[in-house]
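Beneath this line is the structure, given in structure tokens, with notes to follow.
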Amino acid sequence: MVTLRLTNTRTRRKEDFRPIDPADVRMYVCGPTVYDRAHLGNARPVVVFDVLYRLLRHVYGPEHVTYVRNFTDVDDKINAEALRRQKAGAPGTLEALIHQRTEETIAWYHADMDALGALRPSIKGVVSEKAAPRATDFVAQMITMIDGLIDKGHAYAANGHVLFRVRSYQDYGKLSGRSVDDMIAGARVEVAPFKEDPMDFVLWKPSSGEEPGWDSPWGKGRPGWHIECSAMAHELLGESFDIHGGGLDLQFPHHENEIAQSACAHPHGDFARVWLHNEMLQVEGKKMSKSLGNFFTVRDLLDQGIPGEVIRYVFLMTHYRSPMDWTAEKRVVATTKLEDYLALGERFADLEKARQTEPAPEVIDALADDLNTHLAITELDKLLGNARWNELVATLNFLGLIPFKGFEERRAKLTRSAAELTGVTERLAALRTAAMASKDFSAVDALKSALIAAGVEVQMSKDGVELVPGPDFDPAKLEALK
RNA sequence: GGCGGGUUGGCGGAGAGGUUACGCAGCGGAUUGCAAAUCCGUGAAGAUCGGUUCGAUUCCGAUACCCGCCUCCA
């Protein structure tokens with residue numbers, strides 16, 4: 001069995017991956033706050049951890065992998081959007097508007113991530129709502145956890161809030177490599193009069209009438225951000241699980257706080273053994289931000305006609321622990337490459353056999369070495385160069401770049417196109433033979449130009465004429481020729 | 001201010017203390033009525049300065065520059 005090696009943020013080292021239970025390898029990844037369409041940066045961890053998920057499924061078997069990715073559906077930005085809609089005259093209670101907003105955002109998210117070829121999270125291979133849990137479905141577990149933390153002296157209620165007592169957890173800061181004292185010296189912590197210590201963070205906060213709230217021992221309120229992941233991971237994956245992932249920006253404070261809460265609430269568990277963080281995304285060398293005007297969503301790109309596979313390929317070009325730069329040039333390269341793979345795979349692979357073929361071992365090895373997706377992609381070119389067509393197709397499917405279905409659709413399309421081109425090849429060949437004798441190529445060139453304009457690739461050699469319909473083949477443009 | 005990461009040929013981007021990365025683009029050639037596609041060949045690198053070493057782009061240190069987090073933006 002292939003041994004995976006992963007760079008564990010917790011130890012800052014690349015380590016052999018040994019699952020707690022090979023029959024149920026468990027991974028948790030922080031999902032989105034569902035207040036709006038996912039932007040391109042949101043998509044990077046999704047693709048990165050989808051590759052890991054696929055690799056784990058390959059190595060341990062799909063039914064032996066559990067992947068949970070949450071939805072944060074309680075958040076001030078969601079409340080703000082719902083309130084804005086209400087003020088704009090939308091009917092219904094605020095609660096209903098919040099619900100409506102989170103529902104539609106979750107549906108968008110799934111659709112957009114599906115388009116990127118990301119598999120849905122699953123529990124032991126079974127896709128379900130539970131594998132994509134919503135924070136609001138786990139408030140009771142959060143309250144229980146907070147209550148336990150108060151009992152153990154790791155948290156305290158003050159002023160309608162419950163705060164985590166950071167000084168009560170000795171290892172606080174270990175994941176992100178910071179010391180509490182240094183951070184306070186940095187003086188960028190929110191100071192609230194009711195905090196015992198400026199570093200203490202909120203587990204529970206009171207809700208006003210306009211905000212969603214749940215009854216709790218500390219009054220009507222809502223959970224702080226970090227507690228949801230601790231509660232859901234515990235409920236769905238247990239006290240100890242294998243992998244916890246997310247963007248590097250979550251390393252501090254979110255993941256640090258998750259660890260503190262979980263370690264203190266469940267001192268006998270390990271919480272997550274391996275922590276993985278993907279670097280951030282840039283656009284043309286700069287941070288994507290609304291102020292720079294280079295902010296866009298996944299849906300924006302899809303609507304521009306950029307296929308999800310192209311976005312995915314561009315992501316895979318860069319190792320997950322390096323900043324990734326989204327550029328127009330990379331998009332072109334990705335488009336060209338994928339088109340080559342699709343055209344050549346369709347032409348030379350046996351699709352039936354490809355379905356029975358394992359992904360290329362070189363690619364598995366590349367991914368097993370800390371998800372070296374770039375190396376994996378260069379291996380695709382070698383498969384192509386060595387005419388290992390069935391493996392190429394199987395590997396493209398495995399990587400989520402071109403599913404088997406994509407090749408089949410291309411084949412069906414070509415079959416239809418070939419029917420449209422019936423007779424044209426012979427006509428062109430005849431014209432060319434005549435032209436060879438008369439030295440007047442005008443009729444040949446006219447037909448050739450028309451074919452190219454219709455999206456047909458014209459290949460003429462001394463052996464004859466071949467017409468290959470391209471991806472943009474439009475039979476309607478051939479009507480005039482008939 | 002604190003903490004962390006990075007700097008490779010025109011572009012993207014890896015691995016390895018000593019042997020061609022690879023891809024895209026470029027250039028030369030084969031082929032073609034002209035093209036396209038394909039094939040063959042080919043130039044080009046390791047931010048700067050110092051150290052360790054028989055030997056460093058690869059290890060160590062410093063400098064410069066870039067980036068991220070510290071502000072519930074992944």
Side-chain angles (χ1 to χ4, degrees), chain A residues 9 12 29-33 35-36 38-49 72 74-77 173 176-179 181-190 199 201-202 205 223-228 245-257 277-282 285-290 295 314 316-319 321-325 327 329-330 332-334 336-337 340 343-344 366 369 372-382 384-385 432-433 435-441 444-445 448-449 451-452 456-463 466-468 470:
Chain A
T9 308
R12 275 152 236 288
V29 172
C30 291
T33 300
Y35 68 101
D36 204 353
H39 65 245
L40 195 62
N42 297 123
R44 169 117 110 135
V46 174
V47 172
V48 165
F49 292 106
T72 299
V74 50
D75 180 272
D76 289 342
K77 285 194 288 288
S176 51
R178 302 155 196 250
S179 81
D181 294 321
D182 285 349
M183 282 186 282
I184 290 171
R188 291 246 199 149
V189 287
E190 185 197 349
M199 286 306 293
F201 60 89
V202 170
K205 56 190 167 187
W225 174 37
H226 316 293
I227 193 71
E228 62 172 87
L248 189 61
D249 58 326
L250 295 180
Q251 188 187 46
F252 187 90
H254 183 56
H255 290 161
E256 200 70 73
N257 293 355
H277 292 98
N278 63 278
E279 252 287 3
M280 311 304 277
L281 174 123
Q282 300 183 335
K286 297 210 166 104
K287 177 174 174 167
M288 181 167 80
S289 71
K290 287 179 180 166
F295 181 96
V314 171
L316 299 191
M317 285 170 78
T318 305
H319 185 89
R321 284 189 295 107
S322 295
M324 201 222 77
D325 197 9
T327 63
E329 193 177 332
K330 283 186 183 174
V332 172
V333 169
T336 309
K337 278 285 172 197
D340 278 358
L344 293 169
D369 183 13
N372 193 338
T373 51
H374 188 272
L375 187 60
I377 279 180
T378 64
E379 294 293 348
L380 291 175
D381 283 319
K382 290 187 192 162
L384 187 150
R432 182 159 170 266
T433 306
M436 296 282 227
S438 69
K439 301 293 174 202
D440 175 9
F441 287 92
V444 181
D445 287 339
K448 191 175 87 174
S449 303
L451 285 164
I452 290 169
V456 181
E457 196 180 281
V458 180
Q459 300 180 12
M460 289 190 274
S461 70
K462 61 171 180 275
D463 297 329
E466 194 175 352
L467 299 180
V468 182

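The sequence lines fix the lettering, A, B, ..., with proteins before strands; numbering per chain opens at 1. Since the model is a prediction, treat every value here as computed from it, not as a measurement.
Both tests hold for A/Arg178 against A/Phe252: distance to the six-membered ring centre under 6.0 Å, angle to the ring axis within 45°.
If you take CD of A/Gln282 and P of B/G13, they are 10 Å apart, rounded to a whole angstrom. Atom NE2 in A/His254 sits about 13 Å away from atom P in B/C72, given to the nearest Å. Rounding to whole angstrom units, CD of residue A/Gln251 and P of B/C3 are separated by 15 Å. The nearest whole Å value for the distance from the CZ atom in A/Arg178 to the C1' atom in B/G68 is 10 Å. In this structure, A/Asp36 atom CG and B/A74 atom P are separated by 11 Å, rounded to whole Å. In this structure, A/Gln459 atom CD and B/U38 atom C1' are separated by 8 Å, rounded to whole Å. The distance from atom CG of A/Leu316 to atom P of B/G12 is 18 Å, rounded to the nearest whole Å. For the pair A/Glu256 CD and B/C72 P, the computed distance is 15 Å after rounding to whole Å.
In this structure, A/Asp381 pairs ionically with A/Lys337, as a charged nitrogen and a carboxylate oxygen lie closer than 4.0 Å.
Of the two residues near RNA chain B, A/Met324 and A/Lys448, the one whose nearest nucleotide lies more 5' is A/Met324. Nearest-nucleotide positions on RNA chain B place A/Leu248 closer to the 5' end than the other of A/His39 and A/Leu248.
Taking atom C1' in both B/G13 and B/G18, one finds a spacing of 23 Å when rounded to whole Å.
A donor N or O paired with an acceptor N or O is not found under 3.5 Å between the base of B/A14 and the side-chain atoms of A/His319. Side-chain N/O atoms of A/Lys77 and base N/O atoms of B/C73 include no donor-acceptor pair closer than 3.5 Å. Contact annotation: side chain of A/Asp440 to base of B/G33, donor-acceptor pair absent below 3.5 Å.
Helical stems involving RNA chain B, defined as 3 or more consecutive Watson-Crick or G-U pairs under 3.5 Å, span B:1-7 with B:64-70, B:10-12 with B:22-24, B:26-30 with B:38-42, B:47-51 with B:59-63.
Between B/A21 and A/Lys382, no contact under 4.0 Å exists linking OP1 or OP2 to a side-chain N or O.
Between A/His226 and A/His255, the ring center distance fails the sub-6.0 Å criterion.
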